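Bear in mind that the values here come from a model prediction, so they are computed numbers and not experimental data. So that the names make sense, note that chain A is the first sequence line, chain B the second, and so on, each numbered from 1.
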There are 2 protein chains.
Amino acid sequence: MKLDQIDNRLLELLQEDSKKTTKEYALKLGLSTTAIYERIKRLERGGAIRSYVALVDKAIVNRNFTVFCHVKLVQHVKDNIAQFEAQVMRLQEVVECHHLSGDYDYLLKIHVQDMDAYRNFMVNKLTTMNHIGSTQSSFTIKEVKHSTAIPL
Amino acid sequence: MKLDQIDNRLLELLQEDSKKTTKEYALKLGLSTTAIYERIKRLERGGAIRSYVALVDKAIVNRNFTVFCHVKLVQHVKDNIAQFEAQVMRLQEVVECHHLSGDYDYLLKIHVQDMDAYRNFMVNKLTTMNHIGSTQSSFTIKEVKHSTAIPL
DNA sequence: AACTGAACAGAATTATATTCGTTATGAAAC
DNA sequence: GTTTCATAACGAATATAATTCTGTTCAGTT
């Protein structure tokens with residue numbers, strides 16, 4: 001999919017706020033509403049825009065405790081990896097899971113209510129999983145920056 | 001702000017897809033469109049819904065290289081911390097910055113085009129910042145899971 | 001029982017998204 | 001140089017959804 005400068009600027013705007021009217025985007029980008037409308041549809045069809053979502057305030061819904069957990073597997077055989085990843089997918093507390101280069105295998109990002117809830121998560125969910133060698137958790141003291149916008 | 005069960009379910013739906021019509025949410029939750037409309041407005045006013053955004057596919061816009069970079073400062077004086085955080089805020093490649101407990105001070109999440117772009121970012125931006133003691137970068141081999149939805 | 005405020009429903013209105021027919025623009029073919 | 005084709009743009013018309021308005025229900029209170 002080929003994107004020109006206007007597409008990129010449009011994506012930046014949509015990543016900031018997707019609830020503006022096409023008229024507003026059109027105004028900012030100096031095109032008609034129809035032109036913008038068709039560009040947006042093209043970006044959706046082409047997969048550049050994956051979805052539209054509401055971003056929720058962690059503090060207000062009581063999930064203000066963020067943990068990064070490095071996980072090492074006991075053995076890196078194909079089946080272990082597949083099984084671990086499948087299990088992680090099912091844990092809703094885990095909002096991100098990255099297979100990483102370096103000393104540890106995986107980095108998980110976890111949102112829970114508080115330290116108690118995290119202990120609970122560790123004991124009842126994470127450490128009951130198969131093939132896990134070791135884990136190491138770090139807690140977010142302060143979320144300095146957090147954006148869902150891919151830099152363009 | 002007090003949230004009941006319907007609010008939570010509504011937030012879950014909005015975190016999945018914010019572009020459905022109020023009629024659709026109303027249908028799923030067994031209320032009228034007006035009732036849902038007013039609940040949504042209440043969630044927006046109360047700050048539970050921070051914003052609505054489009055999620056963009058990293059691969060299609062050529063930012064498919066994700067790096068986690070641990071940063072240690074030379075000294076933990078107030079001014080250093082403030083200055084470092086202010087500088088990080090200005091780096092658009094850095095999509096997240098967490099002040100963490102543990103050995104390292106900060107964890108940055110960075111999206112760039114490829115390894116070359118990352119080297120460039122390191123040399124020209126990150127390591128030119130003041131007060132940085134050491135950094136350690138890990139690269140995402142595979143993004144196993146990624147959700148923007150806070151678990152409710 | 002009467003009152004109050006919050007939450008809800010259905011209808012009416014307003015605003016926006018979407019479609020349609022047409023017109024420029026630019027690149028390739030003749 | 002002009003013909004052809006494809007792409008992107010535009011303005012007007014239409015369809016659809018958001019928003020507002022009015023009245024109702026219900027739980028809690030007096």
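The side chain of A:Thr22 places an N or O atom within less than 4.0 Å of a non-bridging phosphate oxygen (OP1 or OP2) of C:dA17. Distances shown here put every side-chain N or O of B:Tyr37 at or beyond 4.0 Å from the OP1 or OP2 atom of C:dC8. The phosphate of C:dA6 has neither OP1 nor OP2 within less than 4.0 Å of any side-chain N or O from B:Arg42.
Computed from coordinates, the B:Tyr52 OH to D:dA18 P distance equals 11 Å when rounded to whole Å. To the nearest angstrom, C1' of C:dA9 lies 15 Å from CG of B:Leu27. Between B:Glu24 atom CD and D:dT16 atom C1' the separation is 12 Å, expressed in whole Å. Between the CD atom of B:Glu38 and the P atom of C:dG10 there is a distance of 14 Å, given to the nearest Å. For the pair A:Leu3 CG and D:dT7 C1', the computed distance is 16 Å after rounding to whole Å. Following rounding to the nearest Å, B:Lys23 (NZ) and D:dA15 (P) show an atom-to-atom distance of 16 Å. At whole-Å resolution of the value, NZ in A:Lys2 and C1' in D:dA8 are 13 Å apart. Distance NZ (B:Lys20) to P (D:dA18): 13 Å, rounded to an integer number of Å.
Distance alone, capped at 3.5 Å, places no donor-acceptor pair between the A:Gln75 side chain and the A:Asn80 backbone. Under the 3.5 Å distance criterion, the side-chain polar atoms of B:Asn8 are left unmatched by any main-chain donor or acceptor of B:Gln5.
No contact: B:Thr33 has no heavy atom under 4.0 Å from any strand. Here B:Ser32 lies in heavy-atom contact (under 4.0 Å) with a base.
Nearest-nucleotide positions on DNA chain C for A:Lys19 and A:Thr34 put A:Lys19 closer to the 5' end.
Here C:dT18 is the nucleotide among D:dA9, C:dT19, C:dT18 with the atom lying nearest to any side-chain atom of A:Lys41. Checking D:dA9, C:dT16, C:dA9 against the side-chain heavy atoms of A:Leu31 singles out D:dA9 as nearest.
When each of A:His70, A:His76, A:His99 is tested with A:Asp105 by the rule side chain to side chain donor-acceptor pair (under 3.5 Å), just one qualifies, namely A:His76. In summary, of the residues considered (A:Arg63, A:Lys125, A:His111), a side chain to side chain donor-acceptor pair (under 3.5 Å) with A:Glu93 occurs for A:Lys125 alone.
A:Lys41 has a carboxylate O that lies under 4.0 Å from a charged side-chain N of A:Glu44, or vice versa, which qualifies the two as a salt bridge.
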